[in-house]
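Worth saying up front: this structure is predicted, and the values here are computed from it rather than measured.
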Amino acid sequence: MTEDHKGKQEETGKKPSLNFIESMIERDLKNQLHGDKVLTRFPPEPNGYLHIGHAKAISLNFGLAQKYNGNCNLRFDDTNPVTEEDEYVQSIKEDINWLGFKWANEFFASDYFDQLYAWAVKLVEMGKAYVDDQSAEKISETRGTPTRPGIESPHRTRSVEENLRLLEGMKNGEFNDGEKVLRAKIDMASPNMHLRDPAMYRIKKAPHHRTGNKWCIYPMYDFAHGQSDFIEGITHSLCTLEFEVHRPLYDWFLDQILEDKNAYRPRQTEFARLNINYTIMSKRKLLELVEEEHVTGWDDPRMPTISGMRRRGYTPLSIRNFAEKVGIAKRNNIIDVALLEHSVREDLNKISQRVFAVLDPLKVILTNYPENKEEEMMAVNNPEDENAGKRPVMFSRELYIEQEDFMENPPKKFFRLAPGGVVRLKYGYIIQCNEVVKDQSGNIKELHCEYFPESRSGSDTSGIKVKGTIHWLSAKHAVPAELRMYDRLFSDEDPSGHKDKDYREFLNPDSLIINEKAFVESSLRNAKPLDHFQFERKGYFSADHDTSSDKPVFNLTVTLRDSWAKISG
RNA sequence: UGUCCUAUGGUGUAACUGGCAACACGUCUGAUUUUGGUUCAGAAGAGUCUAGGUUCGAGCCCUAGUAGGACAACCA
């Protein structure tokens, strides 16, 4: 190594550590397996909304393409018309776009139906596929078990001519659903169940969201995926671990179809899917939550869907950073939600506008403050961003502070307001609590305090020392708002990990608490849906699409870290 | 009574076979702070599932075991 190189390496710090897929790609690039080409693909089935697990796969596939100067295709795996809908393809495209990725081409497996059918005919001609008349149940029975070989179908030895005729008949709608199925002729005794004459085509007399009524037979995933990769020239076909046992079949179909065994072929590589504690990632279960109305829809802010997280106030960057942080490996994992929350806070801290909001109001009357006086206090919009500027916040005689910022009998380490104590109103004055006014039942109704005129923020000559600073709102100027306070949807770390219990049993009854007694700064009347704010000392909130100037509505994205909560329990 | 995959601090990911293991999250100290936020400084926490083997030398290679996961839709 030259001095030059050494210097460069020292400048850039440590060698970047690669995950096993990056190592493979770099090895392939070095061996010029596909020249300098890197082409990946993200292949969602349009039968549901994308979730955070997909975000990991998206970041991987698109990220790899970016890193290695390649491209990534978006390919909808639409081989099962009964579960797939155009609504889903639209939402998927919107979500990927929102995450900030651009696909090189938009394809559909259904684009390849003609070619796939031609290949099926070819396999029949080669004697590698046959039409089976057995029912799905019968085929299932005769498939054997992982430890016991299957039994060959009586139709396995049909002549090529008959198979060809039958396949043609299937395609032409001469048979009903389930009456016939095209099977690959491989090995009923294979220890790999997927090689025991797997189905290639089944009859489904259902309209397809793109091909309409053109077809009544549809290829199975296994007969479509590898060939689709091949057609597009995909170099690295990445999928999750459960497809590992499908890889021999992926390769088998390619082996039959490829003329030149040494020519280009795509290769499947599997990585571990994302799991996060306190959440579920199964599309089927997420669909159930929507259909059974445990949530308000796919974009309910409690859902781990991209659209739900967007509405909750997550940013694209925070999700991409999260996907980066969880890493790529083959080991099953359960990521702590704390990492996700850290990722949003990290981004939101940098970009979000600070505002005052009082979630649980307690009235404070400044007895020595003139009745009709109002002042504009200048508040910093974002201490992390000098260019964010300042804004005026109205101050007056009657204020709201947080209920929890006052305690009649405070513990030792309580730095906020208490009888006879002082506290700084941020950007305002220091006040002292002189009287606690209660109603008949003994509940605290309001606080009578005095303010120190010479303690005004920025020109404080009072010399008074305070231990705490709290936020506040002028009662006269505060705007009532609806705050949707979200908590985790499930109360169990692994809701679907209990054999004897349904995941629904762990739904958290307090996952949404609507706060309608809160007040916010009047500037928030103008908040636009998806705008991000930090309600100082409370948390990050995002305006919901239900928000209006009459009634601002915000979703809690995530609370601020709260070390006081740890101390106070 | 099968095949395949995996096994590193609480969690997740690293470590180009060769300095009793690094980074992030989390946890705990302390400092700063007109957000009990942020930031900063620091600490605790694993001897790399077990047993053998190869080697001068193994978290990395081999064998066996153990544990976890995947596979028996005409789903993807």
side-chain contact (heavy atoms from CB on, under 4.5 Å) partners of [X], counting only residues at least two apart:
| X | value |
| --- | --- |
| A:D460 | A:R424, A:I430, A:S455, A:S462 |
| A:I151 | A:T142 |
| A:A129 | A:L123, A:V124, A:L182, A:M200 |
| A:A478 | A:Y400, A:L473, A:F519 |

*Row check, A:Y130 ring normal vs A:R183 NZ/CZ: under 6.0 Å, within 45°*: no

*Rounded to the nearest 0.5 Å, what separation is found between the CG atom of A:D86 and the CZ atom of A:F76?*
9.0 Å

*Aromatic ring pairing A:Y49/A:Y88, orientation class (parallel under 30°, perpendicular over 60°, tilted between)*: perpendicular

*Heavy atoms under 4.0 Å, any strand shown: does A:L182 hit a base, just sugar-phosphate, or nothing?*
nothing

*asked:* Using a 4.0 Å heavy-atom cut-off, does A:N19 contact any base of the nucleic acid, only the sugar-phosphate backbone, or nothing at all?
replied: sugar-phosphate

Any chance the side chains of [X] and [Y] put a donor and an acceptor closer than 3.5 Å?
| X | Y | value |
| --- | --- | --- |
| A:Q534 | A:Y540 | yes |
| A:R41 | A:S237 | yes |
| A:E384 | A:N382 | no |

Do [X] and [Y] come within less than 4.5 Å of each other through their side chains, counting heavy atoms only?
| X | Y | value |
| --- | --- | --- |
| A:L339 | A:F322 | yes |
| A:I186 | A:L249 | yes |
| A:I21 | A:T269 | yes |

In whole Å, measure the gap between the [atom1] atoms of [N] and [M] for me.
| N | M | atom1 | value |
| --- | --- | --- | --- |
| B:U39 | B:A7 | P | 33 Å |
| B:G9 | B:A21 | C1' | 10 Å |
| B:G47 | B:A22 | P | 14 Å |
| B:C49 | B:A58 | C1' | 16 Å |
| B:A43 | B:C25 | P | 16 Å |
| B:G10 | B:U6 | P | 23 Å |
| B:A31 | B:G37 | C1' | 16 Å |
| B:A14 | B:G59 | C1' | 11 Å |

I need the [atom1]-[atom2] distance between [X] and [N], as an integer number of Å.
| X | N | atom1 | atom2 | value |
| --- | --- | --- | --- | --- |
| A:Q268 | B:C4 | CD | P | 17 Å |
| A:L340 | B:G12 | CG | P | 15 Å |
| A:I21 | B:U13 | CD1 | P | 13 Å |
| A:E493 | B:G26 | CD | C1' | 13 Å |
| A:F20 | B:U6 | CZ | C1' | 11 Å |
| A:Y278 | B:G10 | OH | C1' | 13 Å |
| A:E341 | B:C25 | CD | P | 14 Å |
| A:D336 | B:U13 | CG | P | 13 Å |

Heavy-atom protein contacts under 4.0 Å, [range], coded B base, S sugar-phosphate only, - none:
| range | value |
| --- | --- |
| nucleotides 35-48 of chain B | BBBS---------- |
| nucleotides 68-76 of chain B | -SSSBSBSB |
| nucleotides 61-67 of chain B | ------- |

_Give me syn or anti for B:A67, where syn covers glycosidic angles within 90 degrees of 0._
anti

*Syn/anti state of B:G59 by chi, 90° boundary around 0*: anti

_Suppose the criterion is salt bridge (charged side-chain N to carboxylate O under 4.0 Å, His left out): which pairs have a residue in residues 337-356 of chain A, not counting sequence neighbours?_
A:K325-A:E346

*Can you tell me which residue pairs pass the salt bridge (charged side-chain N to carboxylate O under 4.0 Å, His left out) test with a partner in residues 558-569 of chain A, sequence neighbours excluded?*
none

*With sequence neighbours excluded, tell me which residues meet salt bridge (Lys or Arg N to Asp or Glu O under 4.0 Å) with A:K180.*
A:D133

*Which stems does RNA chain B form, counting runs of 3 or more consecutive Watson-Crick or G-U wobble pairs with both distances under 3.5 Å?*
B:2-7 with B:66-71, B:10-13 with B:22-25, B:27-31 with B:39-43, B:49-53 with B:61-65

*A:S190 backbone acceptor or donor facing A:R196 side chain under 3.5 Å*: yes

*Within the distance-only criterion (no hydrogens, no angle test), does the side chain of A:E402 pair as donor or acceptor with the backbone N or O of A:L362 below 3.5 angstrom?*
no

*Can you tell which of B:C5, B:A24, B:G26 lies closest to the side chain of A:K330?*
B:C5

Are there any protein N/O atoms within less than 3.5 Å of an N/O atom in nucleotides 28-32 of chain B, and if so, which ones and at what distance?
none

